[in-house]
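Encoded as structure tokens, the structure appears first; notes follow it.
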Amino acid sequence: MDRLMNFLVSPVLKWALLVLAVVFPLISDNEYHIYVMATAFIWAIAVYGMNIITGYCGQLNLAHGGFFAIGAYVVAILTVDHEWAFWPAFIAAGLAGAIFGFLVGVVSLRLKEHYFAIFTLCVGFIIYLLLEKWEELTHGSLGIINIAPPEGFGLVDFTETVPFYYLVLAFLVLSVWLVSRLSRSLLGRTFLAIRISDDLAQSLGINLMRNKVLAFVLSTVYAASAGALYAGVVRFIGPAEADVVHTFDMITYLLVGGIGTLMGPLLGTLAITWLTQMLQSLEEYRMIIFGPMLVILVIFFPRGIVGGFLTWRGRRLANKASQQGQDGKSQTTVNTPSTPNADKQEAGNNA
Amino acid sequence: MLKISNLTKRFGGLAAVNNVSVEFPANQVNAIIGPNGAGKSTFFNLVAGAMPPSEGKIEYQGMDITGMAPDRIARLGVARTFQTTMLFDQSTVLDNLIVGHRLRTQSRLWDVIINSKRLRDEEKKCRSRAAEVLDFVGLSHIGHRYIADISQEERKRVAFALAMATDPELVLLDEPAGGINPEETENLADLIRKMVKHGITVCLIEHKMDMIMSLADKIMVLDHGEKIAEGTPEQIKNDPVVIEAYLGSEQDVEA
Ligand SMILES: Nc1ncnc2c1ncn2[C@@H]1O[C@H](COP(=O)(O)OP(=O)(O)O)[C@@H](O)[C@H]1O
Ligand SMILES: [Mg+2]
């Protein structure tokens with residue numbers, strides 16, 4: 001048990017996952033599956049962004065899907081109407097994410113908790129309206145077709161599924177790498193302190209606005225970059241990309257995988273994407289399976305798959321260390337009554 | 001150390017703190033007592049900069065800090081704990097403390113991206129400071145435990161440690177003995193004495209009279225936002241106004 005547990009948190013697992021992702025197109029001969037995987041990776045990148053502001057920093061941003069759409073539209077407008085190549089447009093999309101993120105962040109982050117959530121919900125809706133109504137710029141509800149694919153400089157053709165898959169995988173790895181750095185660093189700890197409470201963070205000398213805006217801008221750059229990649233693969237977008245439904249989908253991915261954890265965004269996105277694929281034949285009725293599953297998950301794993309695992313493991317290690325300490329010094333207090341879950345989980349696993 | 005002049009805070013029509021002037025000398029335990037709703041927590045919020053005063057002046061070490069942002073005041077050496085202990089339940093005691101020293105570091109996003117030497121040095125510094133303060137509050141043996149799994153008294157101590165990690169000179173403790181038993185309260189009082197011995201000035205809000213009387217060097221009594229008395233524990237105990245407004249009624253309740 002312990003060996004499996006250690007394996008699951010060791011870097012080995014992450015490398016194994018990476019190897020698996022790299023060989024996936026070689027072992028799967030179904031191009032559609034590779035395409036589904038690639039788009040799941042794109043969403044995962046956006047969810048990593050959401051995890052920075054919502055998971056680490058604790059601010060529920062409901063405009064996230066809007067920033068995804070902004071990234072997609074920057075690429076679409078620049079490549080179609082202004083004949084830019086994809087890559088410069090991609091960089092412009094990231095910059096647009098940063099600039100709009102900064103402007104929205106500076107205003108909205110003055111609000112706390114649900115006021116912030118409601119405000120960003122409105123921001124998301126305004127983005128949607130602008131994309132739909134500002135026809136001269138966005139082509140209105142018709143959407144934009146013939147978006148330029150990423151150019152491969154004569155080496156690869158990114159209009160083909162497999163090369164595009166690897167391109168997205170590379171961006172995903174970069175995204176996860178940066179978040180892993182961030183989450184372990186003093187900056188990540190600063191964000192976490194804000195998540196506990198604004199008052200506490202300030203009492204520890206943390207400049208709230210500066211750190212919240214930084215987390216927000218990072219998250220919107222992630223969202224816009226993901227949107228830009230999305231535009232490069234589907235090559236046709238419309239105002240529906242900014243539908244708030246996408247934001248709620250991403251929240252679901254985050255909750256299922258584990259909010260505030262490193263691997264949660266990826267695992268949550270993949271799990272739901274493939275589950276959706278499997279239940280596709282049920283169409284609308286898939287919610288009958290989906291809904292109860294989510295409820296059960298939220299009740300029993302409030303921190304998602306990864307979070308639940310980490311808590312369980314942490315408790316196990318802590319208890320072990322205390323027991324060793326106890327053998328030596330025969331202390332009396334080990335378990336406080338406030339941990340029925342830990343005990344239950346332990347028992348379940350020993351059984 | 002701390003000089004307050006004519007401090008007032010109004011919430012709408014209510015003056016939660018009303019024209020309070022007081023001086024708290026360095027290197028001792030200064031206590032603030034008063035019935036519920038007297039404005040004690042609000043007084044701390046004003047000193048820590050969490051809310052701006054309506055009127056009055058706050059001087060810390062001779063410096064006017066009135067209306068200064070709370071994070072700047074923290075960097076000047078004012079730390080605090082809250083009436084309800086706020087910690088990150090889902091991580092370990094030691095992990096909770098590392099961020100406490102963040103305000104003494106400089107690393108930014110760029111340091112994170114390139115994993116700079118400055119960042120690595122500063123993280124080491126924060127870690128060792130966390131271990132030091134954990135030792136200071138006597139909890140080294142539970143550094144690896146999850147916050148959700150430790151006792152109420154231990155949580156209070158971790159909150160003290162977190163405040164200590166900021167390298168403060170003045171610490172504001174808001175009802176640290178709330179919700180813990182008498183024996184633990186005595187231990188906590190010892191810890192507060194130890195803080196003073198290490199050169200820290202303590203301001204303390206507390207309801208437990210026996211604790212205050214044995215611990216405080218100076219007491220200020222608030223009632224309905226106004227200062228109704230100040231002095232040594234002896235003076236306060238025998239002050240008829242205080243007995244009338246607070247101690248008397250309290251003892252009645254206890255009796
Ligand atoms: N942020 C606030 N907004 C409005 N009223 C407040 C606020 N904070 C405190 N008060 C009011 O100020 C009074 C003093 O509160 P407080 O300082 O918490 O008292 P104490 O800590 O002495 O029990 C109370 O009547 C409380 O309702
Ligand atoms: Mg209070």
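Not measured: the values here are computed from a predicted model. So that the names make sense, note that chain A is the first sequence line, chain B the second, and so on, each numbered from 1.
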The interface call for B:T105 against chain A, heavy-atom contacts under 4.5 Å, is side chain
Atom CZ of B:F11 with >12 non-hydrogen neighbours under 6.0 angstrom: yes
Interatomic distance, CG@B:L103 vs CD@A:Q202, rounded to 0.5 Å, equals 13.0 Å
Answer key: most heavy-atom pairs under 4.5 Å with chain B among A:L182, A:N207, A:L186 is A:L186
Comparing A:D199, A:L208, A:L178 against chain B, the one with the most heavy-atom pairs below 4.5 Å turns out to be A:D199
Atom CZ of residue position B:R72 - does it have more than 12 heavy atoms of other residues, nucleotides or ligands inside 6.0 Å?
no
Between the CZ atom in B:R80 and the CG atom in A:L200, the distance rounded to the nearest 0.5 Å is 9.5 Å
B:D71 and A:I206 have their tightest heavy-atom pair at CB-O, 3.4 Å
Does the side chain of B:T166 come within less than 4.5 Å of A:L204's, by heavy atoms? yes
Among B:L109, B:N45, B:L119, B:T81, the residue with the most heavy-atom pairs under 4.5 Å to chain A is B:L109
Minimal heavy-atom distance between B:E123 and A:R184, with the atoms involved, is OE2-O, 3.9 Å
When the 4.5 angstrom heavy-atom criterion is applied to B:L87 and chain A, the contacting part is backbone
(Q) Check this for me: A:F171, atom CZ, are more than 12 non-hydrogen atoms of other residues, nucleotides or ligands nearer than 6.0 Å? (A) yes
Would the number of heavy atoms belonging to other residues, nucleotides or ligands and lying under 6.0 Å from CZ of A:R210 be above 12? no
### Query
In this structure, are over 12 heavy atoms from other groups packed under 6.0 Å from B:K3 atom NZ?
no
Interatomic distance, CZ@B:R102 vs OG@A:S185, rounded to 0.5 Å, equals 7.5 Å
Closest heavy-atom pair, B:I113 versus A:R181, reported as atoms and distance to 0.1 Å, is O-NH1, 2.7 Å
More than 12 heavy atoms from other groups under 6.0 Å of CZ on B:R118:
yes
Counting heavy-atom pairs under 4.5 angstrom with chain A, the leader among B:I73, B:V99, B:V112 is B:V112
Closest non-hydrogen atoms of A:S203 and B:A74, given as atom of the first, atom of the second and distance, are O-CB, 3.5 Å
Exceeds 12 heavy-atom contacts within 6.0 angstrom, atom CZ of A:F102: no
Max heavy-atom pairs within cutoff under 4.5 Å with chain A, candidates B:N96, B:D95, B:L172, B:L76, goes to B:D95
Under 4.5 Å to a heavy atom of chain B? For A:L218 that would be side chain
Whatever's closer than 4.5 Å to a heavy atom in chain A on B:F82 counts as side chain
